[in-house]
Amino acid sequence: MERTFLAVKPDGVQRGLVGNIIGRFESKGFQLVGLKLVQVSRELAEKHYGEHKERPFFPGLVNFITSAPVVAMVWEGKGVIASARKIIGVTNPLNAENGTIRGDFGVDVGRNIIHGSDAPDTAEREIALWFTPAELCNWQPSISTWIYE
Ligand code: DAT
Ligand code: MG
């Protein structure tokens, strides 16, 4: 089964949106397999956003993501990587559809509430960067047959 890495960013935590956000992935039918509150170090932030290190917004992005705790999560399910990106919405909240997390809650691109892995290779890299194997639970939800045929 596919897994993705999601993180409620400092703005989402500060604004009390954690429960609402987790609820969207739960009610979709995806399964939580890892969860922790993290005060992100600069080293972790720079590794996580390494692909953007030459971009002008990189220093501000690192300052932001290290400014207050984030809720780091791993979610599992059929097609969860692409589906989570749809649930999250496009990068700029002003362009994100209503009904998506960024569309419903955000305004500025630098305060877009949540991160989600964008492809299978980045999901694998980000899960390994944020979680040890022992921090992830392999469990069987009793409702599986009501979500999957
Ligand atoms: P996404 O988070 O949708 O995968 P991304 O990987 O292109 O988007 O960028 C990572 C984060 O960097 C994004 O969530 C917010 C910030 N960011 C991206 N483009 C930006 C810009 N033009 N100005 C300020 N921050 C930006
Ligand atoms: Mg990205």
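Just so you know, residue 1 is the first one in the sequence shown, and it goes up from there. Numbering of ligands and ligand atoms starts at 1, following listing order.
- The two residues L44 and L129 make their nearest non-hydrogen contact at CD1-CG, 3.5 Å.
- Ion pairing between a basic and an acidic side chain is recognised when a charged N comes within 4.0 Å of a carboxylate O; K53 and E46 show no such pairing.
- A pairwise comparison of heavy atoms in E135 and W130 identifies OE1-O, 4.0 Å as the closest pair.
- Looking at heavy atoms from C-beta onward, I21 lies in side-chain contact with I113 at the 4.5 angstrom threshold.
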For D108 and R102: C-alpha separation, side-chain torsions, deciding distance, then whether salt bridge (Lys or Arg N to Asp or Glu O under 4.0 Å) applies.
CA-CA 10 Å; D108 256 353; R102 287 168 172 170; over 6 Å; no

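- Contacts of ligand 1 (protein heavy-atom distance under 4.0 Å) are K9, Y49, H52, F57, L61, R85, T91, R102, V109, N112.
- Residues in residues 90-100 take part in no salt bridge (Lys or Arg N to Asp or Glu O under 4.0 Å) pair, two or more places apart or across chains.
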